[in-house]
Amino acid sequence: MTESRFHPLGLLRAFLRPIDPQLMLILGALLGYAYFLMISASPDRLEAQTINTVVALAAMWVAATISSQRMLSLALPLYIVGVVLLVAVELFGEVSKGAQRWLHVGVTRIQPSELMKIAMPLMLAWYFQQREGQIGFRDFIVAGLLLVVPVGLILIQPDLGTSLLVTTAGFYVIFFAGLSWKLIVPVALVGIIGIGSIIAFGDTLCQPGVDWYGLREYQKHRVCTLLDPTQDPLGKGFHIIQSTIAIGSGGVLGKGWMAGTQTHLAFLPERHTDFIFAVLAEELGLAGAIVLLIIYVLLLARGFQISVNAPTLASKLLGGAITMIFFTYAFVNMGMVSGILPVVGVPLPFVSYGGTALVTLCLGVGILMSIQRSRLSSPK
Amino acid sequence: MTEFRTPDQESWRFRRRVVVAGLFVLVCFGLLATRFYYLQVVRHDYFHTRAEDNRIALLPVVPNRGSIVDRNGVVLARNYAAYTLEITPSRAGNLDETIDRLAEVLTIEQRDRRRFRKILEESRNFESVPIRTRLSDDEVARFISQRYRFPGVEVQARLFRDYPQGATASHVVGYIGRINDRDVERIEERGETANYRGSEYIGKSGLEQSYEAELHGTTGVEQVEVNAGGRAVRRLSRTSAMAGNDLELTLDIELQKVAEAAFGNRRGAMVAIEPATGGVLALVSTPTFDPNLFVDGISTQDWKALNDSPDHPLLNRAIFSAYPPGSTFKPFMALAGLTAGKRTAGQAIADPGFFAFGGHRFMDDKVGGHGMVDLHKSIVVSCNTYYYQLANDLGIEGIARFMSPLGFGSRTGIDIPGEAEGVLPSPDWKKRRFRRPEQQRWFGGETISVGIGQGYNAYTPLQMANALSAVVNGGNVYRPHLVRHVVDNRSNAKRVVEPEPIRQLGLKPEHVATVRAAMVDVTKAGTGARAFGNAPYSVGGKTGTAQVFSLKGAKYVEGRVSERLRDHSWFIAYAPADEPKIALAVLVENGGFGAQSAAPIARLVMDYYLLGKRPNQPAAEDVDAAESDE
């Protein structure tokens, strides 16, 4: 053996070591699918999407090489930095599209709420790790507080979509840590009754002038147009009407790739970002949509498998939460495009055009890979 | 309810929770799949019909762009409606063949075809692209009668931008042009994509660019039914567009015309400011160009002619070109000396005709010197020796400290894009400007030349005018602005643009008075007397000459130097002297001495502004104004 000699194959092996082949295969399938759709929906953005993808995969690789223990040791500092940045956004942030989300840092600008999507589950997983073996009621209160502060800050920006994602990200950790069913069931019931009553009394609640305490006018608008999109066919309702027409007219096998009339006659709004699923459903039909669902199920299954086999409580919680975040993105996006959930700005995971979300999601995949690797390397 | 569990128990609990979560996922995805099945199978026929047969198109209604008028309401930019012939490529079949057949009905020139190709490359496949613009009524009628032969081709009424003043004030007003990829990115960054749906034009320079957000307006929506061919058959509803806001300028277009005419065919710039408000009365850069050429997409020949001209007509010299201020810097230096306590009005120096520093003689341009020179005389006769000494006493840091708040060496913040910073030299600046250590060192001798406005000094005509304006209004530095009001197109409410000073210089009134008195004498008995001696109003001014070419000791004899190497001619002035209504800076490129080219232009401008006198020819070059004022 001549270990000191330069060995290209060895280098390649070292490079690939952190990569989990199964996750990579599923991710590759999703990214490939995204490309295929992008050619039809927005060919002029292919180049930019390529750059986004390369950056996101690099982020994934870096996350995969960091051991999950080291990552957890970053939890507290990341969380604190995230909260400080959110406060900074509130004080000095840049207003864009009526919301304050961006913070200028030297040459570039960042969106601290995006950081929170990773920092939040990391922080909570780390916290429960500290309390392993003695987790009690008080810990869930502490966890709830850790969750409420940044979510509140994101909510006042206002950014409903992101605060929803961060809330669920944190909630999943708490849920997996063993939050009592006695608490989950009543809250879920209240939620179901609440949503049910909104649907039942939608007409009265949506009258102009009715103030929904705690929600902005545009958020009320979103819920109301969901209940009855025809009320606002030119504004927000337009998105839902056009995307359901696109999906419905796609039929079982679709109109064919590059042949979607809704897509190509520019009826579909934001067809390369949040509404790309409508392009898929129009051009590739129910078959294409089911294929996408199956790929997502595979991704989630692998994520759960890695989490269950993870060596420490923290990495279990983290893995489980990340997997569920992927689910939330997918469900909320497809639900909104097909008209069963309100329009909140959540992209279709790994498929929608856009760099920030893709990097965040691929970081999540990288963390799962790192957890998987720590299982392999830790002594049993 | 604290329970004690072993990690193993927690692991099992986690496993159970994952199963619950997995079930939840499957239920949710099942819900989605059911929804897809409902939409795509159960109701497919309904949606299929809606998508195929009865397309409801939402057409953007492009708002009228706001107009631009001068301070007296004279129109500088407006819209007019004209017909265009447009092709929607996705519905037109073979494009070349369609255009060939169209050419049988209407005149379509090579130029039209080239522009069509260019726009086609830049646009998405489903937008209509103009093949002809500004159709006559006759042409419209001819096309309509044959319309059935041309699917995907339509006559559209569109608004075009018109600049009735042509080349006058084109650097101020700017122009609009077709939206290109870079513009699209910028629009996306601003989150304005929806509002630009349907807009074809965007401000590309001047006020058209800097006030784009005001001028553009809000896009409306028209809901129409389109048939299978994509033609609108019925309008269903309409939300009107909201026209953009109008701009009312501080600029006086008549004054601008007088000033531009005064330059004749010379290259240069002039900025005139109202000292009390910082409002720009005229901003001239010659030669100018016709902004109407750009509106429709400029032709290659026109673009080449403008871009390759050695006179650079597209360059806005008033705000982008920085020139050494020459002797026009002296009044500011004098004020610096007084403010720093290095000079008093009464102190006089003996001028031997040179200032010796470090074994080198910095020469005055009067052989033998001006004799005893106090501050007043130093400005009136433009004595170099006085300022060599003063610069040495103040030091470069002292000069920079005084000049910087006046706006020298930094952007004034005027409301048109493309301003240059100029150079206010200092040891710090030199360190930043040069890379090699031996170049980065500041030499004492360099300070001496800065004192008379030569050396590294370089300022834009705008900076000169604004600094002068700040001195004569008693020390209020304004952000110079061209727009006086933004007028809301619906309510006619006027919003005032920045009337507040951005800085107070805290100058001592007696210091300002001393310098102003000397500047008045410049136009009575000094270097400006030939241009202003007989003026019926009193003026304060200062001539200046910016060296273009160093002759290394040889005597500068104008006739022997080729035109492009002649010095630049400067003149700064304000009037009336006791209560200034106008402060200006004139620069004539390669105009020779300040008194020779720049001062006569300033005279014509002042005569018009204060007396309403219109000149009938450009300012003559005063070749006898040989009184040098280096």
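Numbered from 1 within each chain, the chains take letters A, B, ... in sequence-line order.
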Measure [X] against the heavy atoms of chain B and call it side chain, backbone, both or neither at under 4.5 Å.
{"X": "A/Ile247", "answer": "both"}
{"X": "A/Ile290", "answer": "side chain"}
{"X": "A/Ile184", "answer": "side chain"}
{"X": "A/Phe277", "answer": "side chain"}
{"X": "A/Met334", "answer": "both"}
{"X": "A/Thr312", "answer": "neither"}

Just so I understand: if I count every heavy-atom pair under 4.5 Å between each of [options] and chain B, which residue has the most?
{"options": "A/Gly285, A/Gly320, A/Gly254", "value": "A/Gly285"}
{"options": "A/Thr323, A/Val252, A/Leu293, A/Asp139", "value": "A/Leu293"}
{"options": "A/Leu300, A/Val297, A/Val308", "value": "A/Val308"}

Which one wins on heavy-atom pair count under 4.5 Å against chain A: B/Gln40, B/Arg43, B/Arg15?
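Max contact count across the listed options: B/Gln40.
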
Residue selection (most heavy-atom pairs with chain A, distance under 4.5 Å) from B/Asp45, B/Leu26, B/Leu32, B/Leu31
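Most heavy-atom pairs under 4.5 Å with chain A: B/Leu32.
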
Separation of A/Thr168 OG1 from A/Tyr329 OH (nearest 0.5 Å):
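Nearest 0.5 Å value for the OH-OG1 distance: 9.0 Å.
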
Looking at CG of A/Leu348 and CG of A/Leu292, how far apart are the two atoms once the value is rounded to the nearest 0.5 Å?
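Going from the CG atom of A/Leu348 to the CG atom of A/Leu292 covers 5.5 Å.
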
Minimal non-hydrogen separation, B/Leu39 against A/Ser338, with atom names:
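Heavy atoms only, the tightest pair is CD1-O, 3.9 Å.
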
Could you tell me which non-hydrogen atom of B/His216 sits nearest to which non-hydrogen atom of B/Pro63, and how far apart they are?
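Looks like O-CG, 3.2 Å.
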
Answer yes when A/Lys255 and A/Glu283 have at least one side-chain N-carboxylate O distance shorter than 4.0 Å, and no when they do not.
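No.
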
Give, as side chain, backbone, both or neither, the part of [X] having an atom under 4.5 angstrom from any heavy atom of chain A.
{"X": "B/Val41", "result": "side chain"}
{"X": "B/Val20", "result": "side chain"}
{"X": "B/Tyr37", "result": "both"}

Using the six-membered ring of A/Trp181, assess whether NZ or CZ of B/Arg13 lies under 6.0 Å from its centre and within 45 degrees of the ring axis.
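No, B/Arg13 does not lie over the aromatic ring of A/Trp181.
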
